[in-house]
Amino acid sequence: MTKIKIASIGLGRLGMVHTQHLSELKEEVELLASFALDDAQLDYAKEHFGIKPYKDWKKMIDEEPLDAIVITSPTAFHPEMTTYALNAGLHVFCEKPLGINMDAVEEMVHAVKDHPNQIFQLGFMRRFDPSYQEAKRMLDAGELGEILYLRAYGIDPISGMESFVKFASDNDSGGVFLDMAIHDIDLVRWFTGQNPKKVWAVTNSIAEPKLEAIGEVDIGVANLEFERGMMATIVAGRSASHGNHVEFEIMGSKGWIRIGQEANPHYSTLFTQKGIVKPYMQSFPERFSQAFVAELKAFAEAVKVGSPSEIGANLEDGLESLKIAEVAKISAEKDEIVSL
Ligand SMILES: NC(=O)c1ccc[n+]([C@@H]2O[C@H](COP(=O)([O-])OP(=O)(O)OC[C@H]3O[C@@H](n4cnc5c(N)ncnc54)[C@H](O)[C@@H]3O)[C@@H](O)[C@H]2O)c1
């Protein structure tokens with residue numbers, strides 16, 4: 001197989017970004033078709049990326065001569081779409097998280113396990129970001145010593161509020177832990193190689209009434225406790241006034257590493273009469289553009305060589321992170337510490 005024949009499902013906030021990247025990976029993939037419900041999205045993708053548009057994703061899978069599919073639909077549809085595509089013989093790249101309903105996710109788990117020769121990769125793209133990779137390398141080489149504590153912030157920009165409210169009104173986002181904190185839950189597992197023993201989570205809805213109106217929150221904080229008392233605090237939210245605030249810190253016995261403290265596009269600083277201004281990134285596609293391309297390249301390579309990417313998240317990563325996010329949700333709802 002020289003080029004992977006591929007199609008994309010979903011052309012929304014992230015699906016359009018993935019589809020654009022697929023159209024640019026000309027050496028690795030041949031982008032044939034895309035599915036969306038929205039005519040304007042299909043028209044845009046047809047004009048800019050030359051895809052064949054579909055409004056029926058099963059028909060697209062049945063009719064197109066595909067090797068693989070990239071699924072960026074609303075989360076609740078991931079299990080059904082993944083299962084259908086695997087049964088049709090396709091390799092699957094699916095956005096995080098695996099799903100929302102655990103029964104549906106169980107079926108998806110069986111489908112992935114029933115097709116061991118087909119690649120399944122989950123979209124935890126931060127693993128492919130050079131900064132996180134450097135932290136992983138340092139940890140694995142013992143350069144940071146024993147991990148004592150990890151702290152993560154993943155707060156969407158308030159400038160993205162309208163598109164998030166639409167996303168979470170049209171379909172269930174899963175809530176702040178399943179939809180947002182799960183990125184850092186995955187990274188904590190990836191860095192430490194451990195699952196937590198206890199989770200205590202809280203949320204608030206103070207600043208943005210639009211979120212409360214649709215059952216979402218401003219901030220969710222999950223505290224995770226591991227073996228030997230190692231701890232992690234994950235803060236996720238939707239309304240950072242300055243931009244896309246993504247930060248990760250690992251406190252080790254021999255040193256600390258902090259990633260992404262200043263998400264400064266072009267590394268520029270503006271000196272004005274009012275003071276010094278550093279522009280801040282406003283969106284996740286901007287902050288993680290390298291990682292989004294790298295994860296799709298890794299998926300194409302995995303399909304080509306018939307072996308999963310070592311960096312990419314697999315089924316177990318998806319399942320464990322989802323369980324932890326689900327427990328955080330339950331902890332916040334019940335206002336109690338939950339043991340795993
Ligand atoms: N990795 C990341 O950082 C990241 C960032 C954003 C979103 N995501 C994930 O990507 C997925 C999509 O998120 P989004 O923000 O792009 O969503 P979106 O609402 O912007 O787009 C959804 C797309 O799916 C289609 N769609 C809508 N309803 C559908 C239905 N009932 N059946 C089939 N298709 C339907 C829409 O036409 C649209 O093209 C989610 O699972 C989300 O968690 C991941």
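None of the values given here were measured: they were computed from a predicted structure. Each ligand, and each atom within it, is numbered from 1 in the order the structure gives.
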Just grab all the ring pair (Phe, Tyr, Trp, His ring centres under 6.0 Å) pairs involving residues 191-213, residues at least two apart or on different chains.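 For residues 191-213: Phe191-Phe248.
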Taking NZ, NE, NH1 and NH2 as the nitrogens, is one of them in Lys3 or Glu30 under 4.0 Å from a carboxylate oxygen of the other?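 Between Glu30 and Lys3 there is no salt bridge, as every charged N stays at least 4.0 Å from the carboxylate O atoms.
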Would you call Arg126 and Asp186 a salt bridge, using N to O less than 4.0 angstrom?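 No.
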Can you tell which part of [X] has a heavy atom less than 4.0 Å from ligand 1: side chain, backbone, both or neither?
| X | answer |
| --- | --- |
| Glu95 | side chain |
| Lys166 | neither |
| Phe288 | neither |
| Arg126 | neither |
| Asp179 | side chain |

Short list, please: which atoms of ligand 1 are under 4.0 Å from a heavy atom of [X]?
| X | value |
| --- | --- |
| Ala36 | 37 (O), 39 (O) |
| Gly10 | 23 (C), 24 (O), 39 (O) |
| Asp38 | 37 (O) |
| His183 | 1 (N), 2 (C), 3 (O) |
| Lys96 | 1 (N), 9 (C), 41 (O), 42 (C), 43 (O), 44 (C) |

Just to confirm my output: which protein heavy-atom neighbour is closest to atom 31 (N) of ligand 1, and how far is it? Phe77 CZ, 3.0 Å
Where is the nearest protein heavy atom to atom 24 (O) of ligand 1: which residue, which atom, and how far?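 Answer, as residue, atom name and distance: Pro74 CD, 3.3 Å.
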Strictly by modelled atom types, are Asp218 and Ser205 linked by a side-chain donor-acceptor pair under 3.5 Å? no
Between Asp62 and Tyr84: side-chain donor-acceptor atoms closer than 3.5 Å: yes
Between Leu178, Ile100, Leu14, flag the one that comes closest to atom 4 (C) of ligand 1 by a heavy atom. Leu14
Counting heavy atoms only, which of Phe164, Phe284, Phe167, Phe124 comes nearest to atom 6 (C) of ligand 1? Phe284
Kindly confirm or rule out an N or O of [X] lying under 3.5 angstrom from an N or O of ligand 1.
| X | result |
| --- | --- |
| Thr72 | no |
| Trp57 | no |
| Leu11 | yes |

Pairs under 3.5 angstrom only: tabulate donor-acceptor contacts from the side chains of residues 271-283 to other protein residues two or more places apart or in another chain.
| from | atom 1 | to | atom 2 | distance (Å) |
| --- | --- | --- | --- | --- |
| Thr272 | OG1 | Lys274 | N | 3.1 |
| Thr272 | OG1 | Gly275 | N | 3.2 |
| Thr272 | OG1 | Gly275 | O | 2.8 |
| Lys278 | NZ | Glu262 | OE1 | 3.2 |
| Tyr280 | OH | His245 | ND1 | 3.3 |
| Gln282 | OE1 | Ser159 | OG | 2.8 |
| Gln282 | NE2 | His242 | O | 2.8 |
| Ser283 | OG | Glu286 | N | 3.3 |

